[in-house]
Chemist: 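Once you've had a glance at the structure underneath, I'll fire off some questions.
Heavy atoms only: backbone and side chains are in, while hydrogens, waters and symmetry mates are out.
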Amino acid sequence: MIKRALNVTRGANFAEWYQAVITEADLAEESGVRGCMVIRPWGYGIWERIQRLLDDRIKATGHENCYFPLFIPLSYFEKEAEHVEGFAKEMAVVTHHRLISDGKGGLVPDPSAKLEEPLVVRPTSETVIGAAFARWVQSWRDLPVLINQWANVVRWEMRTRMFLRTSEFLWQEGHTAHASAQEAREETLKMLEVYRSFAEDCLALPVVAGEKPENERFPGAVATYSIEAMMQDGKALQAGTSHFLGTNFASAQNIRFQNAGGEFELANTTSWGVSTRMIGGVIMVHGDDDGLRVPPRIAPWQIVIVPMLRDQPEDQATIDYCKTLQAELAALSSLGEPVRALLDLKPAKAATKRWGWVKKGAPVIIEVGGRDVAGGNVSVVRRDRLYREDGKLDSAVVARGDFVAGAAAMLTDIQASLHAEAGERLRANIAKASDFAEVEKHFADGAKNPGWLEVQWSKPTGAELDAVVARLKKLKLTVRNVPTDAAPVDGACIFSGAPAVERVLIARAY
């Protein structure tokens, strides 16, 4: 038996394992406010890498960053009834601007400081940005407007889980306005592809991109698209969304422009976003029973050097050797950027530091002791291949020069191996069902990690769709999306028996 670094395994209790990874990898901790978290440096470092890499891709498509206020007047939401209904139960509202003593040692809102209009703490920014677009857009020459903001939002969730569903989270939200519906739809799909390629290339997350069904649309949207990732327990995680809003928000916010013919038209708008939920996806797709495994592209430190100083903290020869190694690695380039190498000189035992970095998921861990210095070697641990076949830690002694020469390629290989492993899991766990009885059997109580099912349906709407949603809900299932690369239909709808018009994925989800 291999003794694992965590005290709970994925197989024994996936939910507890997930929380253990967050704790042991120093990703985040409770904040004292229900549903809110303190993101610790390693966790925030991963978010910074995600932010930096994705920001470059967003800007490369012509978008500019800006910032809008955290507080939004309630009247802005009241202009868009369908939108506000979708978020009403999750809104945090500010009603006073001052506190006073209650005379008993506590504080209470000052009745005289009640706001004339309540302010909603930003759950999303369509309404406030729409008001700005109405000011900015007057002529067809002002279009398109392509903006993005990195911000925090608040949605008062009843059931919370770190990174996956929190009352406050970090994200980016893009908002655009266009002269035509066709142009706006093209923008929506363009950003969906940005998210898909980013997840695959940078997070090593294989995803399925596609359109959400009518009941899963963003409130007020004409169409919503998503990327869906499969976690190791077979559940789906919606990792990003892109929305075609048509003229719904433009009508509510009066975003009008004079076209080339002198006539006034409503603009077509879009919105799209991803959040710190992506970190939850990285944990559940790449983590193992020793902790997190971070893909090199998003690792704050790709190679961590641990000097084995034993009882000689002033072993300057070993420290100098490690500093030289660090400099050699930092001079390299891998995956399009300089290699990020850290020399860990914290006053702790080498084994403690090694396992700390194993749990954090640093892609490569280097140990250097006196014998390594004397022989010109390093001891290398790849986090994606932690153990040998005999169950012992796979720590390879390599000549320093050889390691440095191959370090860049090693990081590239680790990135690819994590993606390949997750991709194989995704493909192996999507099955097909030709009738609803097969669905019930596949997701029967006690079925472990059932994965996803691809089924065909007639794209029901209205009451007919509500009935389908109710049937799936009894099995704790939802329709995830209609894959953009799905094969043509060749059968009947599993719910109604009518001719099918598209293939959809159904699964249990976070």
Side-chain angles (χ1 to χ4, degrees), residues 58 61-95 115-151 153-155 171-191 214 217-225 241-273:
I58 290 172
T61 56
H63 301 82
E64 297 179 293
N65 283 343
C66 60
Y67 185 78
F68 285 82
L70 176 67
F71 300 115
I72 303 174
L74 181 61
S75 59
Y76 283 27
F77 287 93
E78 290 174 335
K79 293 178 181 178
E80 225 303 320
E82 185 179 353
H83 183 67
V84 73
E85 183 179 355
F87 286 101
K89 294 181 180 179
E90 301 175 348
M91 288 184 182
V93 184
V94 177
T95 57
L115 298 177
E116 290 186 11
E117 179 179 0
L119 299 175
V120 175
V121 182
R122 173 176 55 217
T124 183
S125 299
E126 276 75 11
T127 56
V128 67
I129 291 178
F133 281 6
R135 297 190 300 270
W136 300 351
V137 175
Q138 303 299 321
S139 161
W140 62 273
R141 296 181 179 87
D142 300 322
L143 296 170
V145 181
L146 308 173
I147 65 166
N148 174 66
Q149 77 164 342
W150 293 91
V153 294
V154 171
R155 297 178 185 175
W171 76 347
Q172 60 74 212
E173 51 178 321
H175 298 266
T176 68
H178 304 266
S180 69
Q182 179 180 345
E183 187 179 319
R185 285 187 180 274
E186 289 173 355
E187 165 78 9
T188 305
L189 294 175
K190 178 198 298 180
M191 297 316 298
E214 177 184 303
R217 285 178 191 156
F218 178 72
V222 175
T224 287
Y225 299 83
T241 50
S242 186
H243 315 286
F244 168 55
L245 305 177
T247 59
N248 292 343
F249 283 85
S251 177
Q253 298 291 337
N254 198 32
I255 310 172
R256 298 176 182 273
F257 67 96
Q258 193 170 27
N259 64 25
E263 298 177 337
F264 284 93
E265 295 183 39
L266 288 170
N268 282 263
T269 63
T270 78
S271 66
W272 26 272

Chemist: Asn259 and Trp140: which non-hydrogen atoms are nearest, and at how many Å?
Modeler: C-CD1, 3.3 Å
Chemist: With heavy-atom distances below 4.5 Å as the criterion, would you say the side chains of Glu265 and Phe257 are in contact?
Modeler: yes
Chemist: Taking the six-membered ring of Phe77 as reference, does the cationic atom of Lys79 (NZ for Lys, CZ for Arg) lie under 6.0 Å from its centre and within 45° of its axis?
Modeler: no
Chemist: More than 12 heavy atoms of other residues, nucleotides or ligands under 6.0 Å from OH of Tyr76: is that the case?
Modeler: no
Chemist: Taking only residues two or more places apart in sequence, or in another chain, which ones meet Gln182 in a side-chain hydrogen bond (donor to acceptor under 3.5 Å, both in side chains)?
Modeler: Glu186
Chemist: If we check side-chain contact (heavy atoms from CB on, under 4.5 Å) with Met191, which of these qualifies: Thr270, Thr176, Ile58?
Modeler: Ile58
Chemist: Are more than 12 heavy atoms, taken from residues, nucleotides or ligands other than Glu64, located less than 6.0 Å from that residue's CD atom?
Modeler: no
Chemist: Taking side-chain hydrogen bond (donor to acceptor under 3.5 Å, both in side chains) as the test, write out the residues that go with Thr61, two or more places apart.
Modeler: His63
Chemist: Can you name the side-chain hydrogen bond (donor to acceptor under 3.5 Å, both in side chains) partners of Thr269, sequence neighbours left out?
Modeler: none
Chemist: With a cut-off of 3.5 Å and sequence neighbours excluded, list every side-chain donor-acceptor pair involving residues 117-127.
Modeler:
| residue | atom | partner | partner atom | Å |
| --- | --- | --- | --- | --- |
| Glu117 | OE2 | Leu74 | N | 3.2 |
| Glu117 | OE2 | Ser75 | N | 2.7 |
| Glu117 | OE2 | Ser75 | OG | 2.6 |
| Arg122 | NE | Asn152 | O | 2.8 |
| Arg122 | NH1 | Phe68 | O | 2.9 |
| Arg122 | NH1 | Pro69 | O | 3.2 |
| Arg122 | NH2 | Tyr67 | OH | 3.3 |
| Arg122 | NH2 | Asn152 | O | 2.9 |
| Arg122 | NH2 | Asn152 | OD1 | 2.9 |
| Thr124 | OG1 | Glu126 | OE1 | 2.5 |
| Ser125 | OG | Gln149 | NE2 | 3.2 |
| Ser125 | OG | Glu173 | OE1 | 3.4 |
| Ser125 | OG | Glu173 | OE2 | 2.7 |
| Glu126 | OE2 | Ser271 | OG | 2.7 |

Chemist: Do you know the tightest heavy-atom contact between Ala267 and Ala250?
Modeler: O-CB, 3.1 Å
Chemist: Stepwise, does the side chain to side chain contact (heavy atoms under 4.5 Å, CB included) test hold for Trp272 with Glu187?
Modeler: CA-CA 10 Å; Trp272 26 272; Glu187 165 78 9; 3.5 Å; yes
Chemist: Would you compute the distance between atom CG of Leu143 and atom CD of Gln138 and round it to the nearest 0.5 angstrom?
Modeler: 10.0 Å
Chemist: Grab the two heavy atoms, one from Ala181 and one from Asn268, that are nearest each other, plus how far apart they are.
Modeler: N-ND2, 3.4 Å
Chemist: Would you confirm whether the ring centroid of Tyr225 sits within less than 6.0 angstrom of the ring centroid of Phe218?
Modeler: no
Chemist: Restricting to ring-ring contact (aromatic ring centres under 6.0 Å, His included), what partner residues turn up for Trp150, sequence neighbours left out?
Modeler: Trp47
Chemist: Partners of Asn148 by side-chain hydrogen bond (donor to acceptor under 3.5 Å, both in side chains), sequence neighbours excluded?
Modeler: Asn65, Gln172
Chemist: Using side-chain heavy atoms (C-beta onward) and a distance below 4.5 Å, is Leu189 in contact with Phe244?
Modeler: no
Chemist: Ala221 and Thr224: which non-hydrogen atoms are nearest, and at how many Å?
Modeler: CB-OG1, 3.8 Å
Chemist: I'd like to know whether Arg155 forms a side chain to side chain contact (heavy atoms under 4.5 Å, CB included) with Phe87, so could you lay out the CA-CA distance, the side-chain angles of the two residues, the decisive distance to 0.1 Å, and finally the verdict.
Modeler: CA-CA 8 Å; Arg155 297 178 185 175; Phe87 286 101; 3.5 Å; yes
Chemist: Is there a side-chain contact between Ile129 and Ile147 (heavy atoms, below 4.5 Å)?
Modeler: yes
